[in-house]
Asks: 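First the structure, which I've put down as structure tokens, then a few questions once you've had a look.
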Amino acid sequence: MSATSRRTHRCGELRAQHVGQRVRLGGWVHRQRDLGGIVFLDLRDRAGIVQVAIGPDAPEHVRSVAGGLTSETVVELEGEVAARPANMKNADLPTGDVEVRATKLAVVGRAVTPAIPVARGKGEELPAEELRLKYRHLDLRRPEMQANLILRHRLLQRARKALSDLGFLEIETPVLTKPTPEGARDYLVPSRVNPGEFYALPQSPQIYKQLLMVAGLDRYFQLARCFRDEDLRNDRQPEFTQIDIEASFVQMDDVLDYVETVLVALWDEAGHQVGRPFPRITWHEAMERYGTDKPDLRYDLPIADWTAQVQPLGVPFVQAALKDGARVRGLAVKGGSALSRKDVDQLAEAAKQLGGAGLAWVKRQGEQVSGSVGKHFTTTVLGTLGVGDGDAALLTVGPDRVTSPVLDRVRREVIRRLAPAPKAVHAFCWVVDFPLFEPDPETGKPVFAHHPFTSPRPEDRARLDGDPYACRALHYDAVYNGNELGSGSIRITDRDLQIKIFHKLGLTDEEWQQRFGFLIDGLGAGAPPHGGFAIGFDRVVMLLAGAGSLRDVIAFPKTTTARALFEGAPAPANPADLKALHIKVER
RNA sequence: GGGGCUGUAGCUCAGCUGGUUAGAGUGCCGGUCUGUCACACCGGAGGUCGCGGGUUCGAGCCCCGUCAGCCCCGCCA
């Protein structure tokens with residue numbers, strides 16, 4: 001498999017079984033150790049590193065070439081695989097039982113001194129990320145980065161196979177598509193032959209995959225590149241890959257089953273056994289117990305409503321804020337008295353940044369009760385809150401929209417600081433029954449929580465007009481260890497309902513016809529019940545690779561200002577091109 | 001749009017309260033060396049302290065601005 005007309009093996013493949021064979025190799029000089037009478041090369045390719053020995057008995061020209069080699073030079077060589085003497089094996093190297101005694105050696109790719117090192121010393125930090133991105137061809141030579149990309153490849157193949165085995169058809173959809181004024185900002189592409197008009201790059205193939213269902217293709221998937229012109233994070237890139245699926249004649253359970261099959265296959269590919277089915281939790285319960293729609297279920301430590309127990313105590317911090325539906329909510333932290341005063345202050349500071357009333361705390365050690373509001377509490381009251389000896393209570397007060405994010409943040413910080421043993425290593429769950437609408441933070445009016453093609457739960461459809469916020473959606477998220485892996489929904493297939501929803505969003509007939517007319521036409525042409533899902537593939541690879549950033553699992557990523565440092569994109573267009581595109585640039 | 005961290009030799013970093021000639025490791029160049037695996041040892045070169053301005057007798061260090069990378073909030077239907 002590895003052999004070509006120029007080589008017989010990859011460097012990293014050689015083992016004791018190859019001893020005695022004549023091999024030809026090509027690779028990069030990882031390191032060179034010139035001991036005078038003998039030169040050792042660590043020769044590297046994508047399979048790994050093997051030691052090449054050029055001793056006093058090697059041909060003269062081989063010795064002279066070997067002595068002059070510098071890092072990252074590409075060489076080809078021929079030699080015999082030899083067993084290393086017992087005391088000279090290298091247990092840290094998979095190839096460490098053998099070495100290659102070179103009889104021919106040639107430089108085939110001269111290398112200038114690399115701007116950033118590929119071979120690093122023990123304990124030496126990685127080069128600055130800016131340099132790693134600028135000299136990406138060097139950074140990608142590092143075995144860690146190659147391992148990430150190799151894992152990515154295997155996961156892609158496994159996803160393809162899993163979905164293909166389930167009868168899904170891989171179908172490509174356009175990259176030059178139509179601007180969608182909803183949602184994220186679009187990347188626009190000017191049209192030369194249609195002056196003043198623009199394509200958009202797809203934020204997702206959403207409408208296309210629904211049209212494929214209308215067309216009767218029944219089960220579709222795509223490893224789809226998506227584009228969103230929004231500000232970036234360590235887990236957000238402007239272009240990213242989704243495992244995008246859609247299926248017809250399904251209900252939610254069918255879709256969850258498909259997605260579980262894929263996720264379990266991906267985790268299996270990475271060497272992890274995962275149980276099925278994934279537990280389900282409603283959105284409401286997730287917000288109540290964890291303060292977030294992507295709870296980390298590896299740990300206990302649920303949020304509790306302590307209003308009834310704490311209100312009678314007359315704590316000033318609480319009394320001032322306890323009005324208009326505000327509640328006292330908190331965390332009973334097992335072993336929380338181990339949190340230092342500094343820890344607690346930092347938690348309170350983090351809480352304050354999220355707009356909370358602040359964070360009050362009580363520690364219990366034996367009969368001693370202390371803390372910022374400790375004097376109002378007795379061990380008996382703490383007992384009713386589940387706060388035992390050595391524990392702590394962390395509480396805040398206010399409306400849920402404030403206390404939920406505060407306690408989510410506090411919960412994650414407490415887990416980070418106390419590092420309790422997780423209940424499970426791989427905690428998947430489904431979050432279901434999301435609300436269909438949420439209040440617009442600026443206008444206060446209902447806007448769609450997800451995309452406008454998400455079906456309401458049939459039993460909630462009657463609430464669309466009277467009580468839209470109580471209307472639940474057939475929308476579901478897959479969550480893993482506190483990370484959102486993806487989301488999906490059962491779609492609206494009733495043309496009239498879809499139009500009604502557009503009206504609810506404030507779109508006039510003219511507006512929705514212009515933006516989504518082709519979807520509505522589809523729904524009017526005989527649409528099967530259908531639904532789907534999209535898995536954020538880059539994020540999956542990042543989690544399975546144990547990488548700290550999406551940039552470490554994408555070969556050529558962008559910076560946080562959406563720049564590509566290696567080739568220097570984006571760049572000004574030349575005037576002739578702009579003219580052809582009918583574009584004038586203001587600066 | 002807002003907040004924070006970082007920026008000193010090719011790379012990774014140190015640099016005290018503002019004080020003489022800005023250091024270390026590694027890499028690079030030259031040399032010695034027959035079993036190393038971060039080889040060892042000897043010698044050498046290498047600096048716009050991100051950039052611009054200011055304060056000061058004096059700035060790598062203080063102040064203002066700016067650029068870049070990273071992290072967070074907003075944003076991401």
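We name chains A, B, ... by the order of the sequence lines, and we start the count at 1 in each one. Note that the structure is a prediction, hence the values are computed from the model and not measured.
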Asks: Give every donor-acceptor pair under 3.5 Å between a side-chain atom in residues 42-56 of chain A and any protein atom, sequence neighbours left out.
Replies:
{"residue": "Asp42(A)", "atom": "OD1", "partner": "Arg33(A)", "partner atom": "NH2", "Å": "3.0"}
{"residue": "Asp42(A)", "atom": "OD2", "partner": "Arg33(A)", "partner atom": "NH1", "Å": "3.0"}
{"residue": "Arg44(A)", "atom": "NH1", "partner": "His30(A)", "partner atom": "ND1", "Å": "2.9"}
{"residue": "Arg44(A)", "atom": "NH1", "partner": "Glu72(A)", "partner atom": "OE2", "Å": "3.1"}
{"residue": "Arg44(A)", "atom": "NH2", "partner": "Glu72(A)", "partner atom": "OE1", "Å": "2.9"}
{"residue": "Asp45(A)", "atom": "OD1", "partner": "Ala47(A)", "partner atom": "N", "Å": "2.9"}
{"residue": "Asp45(A)", "atom": "OD1", "partner": "Gly48(A)", "partner atom": "N", "Å": "3.4"}
{"residue": "Asp45(A)", "atom": "OD2", "partner": "Cys11(A)", "partner atom": "N", "Å": "2.5"}
{"residue": "Gln51(A)", "atom": "OE1", "partner": "Arg33(A)", "partner atom": "NH2", "Å": "2.9"}
{"residue": "Gln51(A)", "atom": "NE2", "partner": "Glu99(A)", "partner atom": "OE1", "Å": "3.0"}

Asks: Looking at the side chain of Thr113(A), which of C75(B), G27(B), C37(B) is the nearest nucleotide?
Replies: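 Side chain of Thr113(A) sits closest to G27(B).
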
Asks: Within the modelled atom types, does a donor on one side and an acceptor on the other bring the side chain of Arg233(A) and the base of C70(B) under 3.5 Å apart?
Replies: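 Absent.
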
Asks: Answer yes or no: side-chain N or O of Arg236(A) and base N or O of C76(B) forming a donor-acceptor pair under 3.5 Å.
Replies: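 Indeed, a donor on one side and an acceptor on the other fall under 3.5 Å apart.
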
Asks: Just jot down the side-chain hydrogen bond (donor to acceptor under 3.5 Å, both in side chains) partners of Thr403(A), sequence neighbours excluded, or say none.
Replies: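 Result, side-chain hydrogen bond (donor to acceptor under 3.5 Å, both in side chains) vs Thr403(A): Arg329(A).
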
Asks: Should the side chain of Arg84(A) and the base of U36(B) be counted as holding a donor-acceptor pair, with the cut-off at 3.5 Å?
Replies: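 By the distance-only test, yes, there is a pair.
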
Asks: Out of G35(B), G1(B), C11(B), which nucleotide sits closest to the side chain of Arg101(A)?
Replies: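 Of G35(B), G1(B), C11(B), G35(B) is nearest to the side chain of Arg101(A).
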
Asks: To the nearest Å, give me how far apart NE2 (His451(A)) and C1' (C76(B)) are.
Replies: 15 Å

Asks: Nearest-Å distance, CG (Asp92(A)) to P (C39(B))?
Replies: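 The distance from CG of Asp92(A) to P of C39(B) comes to 13 Å, rounded to the nearest Å.
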
Asks: Check if the side chain of Asn87(A) and the base of G35(B) share a donor-acceptor pair of N or O atoms closer than 3.5 Å.
Replies: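 Answer is no: no donor-acceptor pair is held.
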
Asks: In chain order, what residues pass the side-chain hydrogen bond (donor to acceptor under 3.5 Å, both in side chains) check against Arg63(A), with sequence neighbours excluded?
Replies: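 Testing Arg63(A) for side-chain hydrogen bond (donor to acceptor under 3.5 Å, both in side chains), a comparison that skips the adjacent residues, returns none.
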
Asks: Checking Tyr476(A) now: which residues fulfil side-chain hydrogen bond (donor to acceptor under 3.5 Å, both in side chains) with it, not counting sequence neighbours?
Replies: none

Asks: Do any pairs count as a side-chain hydrogen bond (donor to acceptor under 3.5 Å, both in side chains) and have a residue in residues 78-96 of chain A, sequence neighbours left out, and if so which ones?
Replies: none

Asks: Mind checking the P distance from C29(B) to G10(B)? Whole angstroms is fine.
Replies: 15 Å

Asks: Go through the N and O atoms of the side chain of Glu99(A) and the base of G35(B), and report whether any donor-acceptor pair is under 3.5 Å.
Replies: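 Present.
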
Asks: Does Ser489(A) reach a base, just sugar-phosphate, or nothing at all? Heavy atoms under 4.0 Å.
Replies: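 Counting heavy atoms under 4.0 Å across all strands, no contact is made by Ser489(A).
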
Asks: Encode nucleotides 3-9 of chain B as B, S and - characters from 5' to 3', where the letter depends on protein heavy atoms closer than 4.0 Å: B to the base, S only to sugar-phosphate, - to neither.
Replies: -------

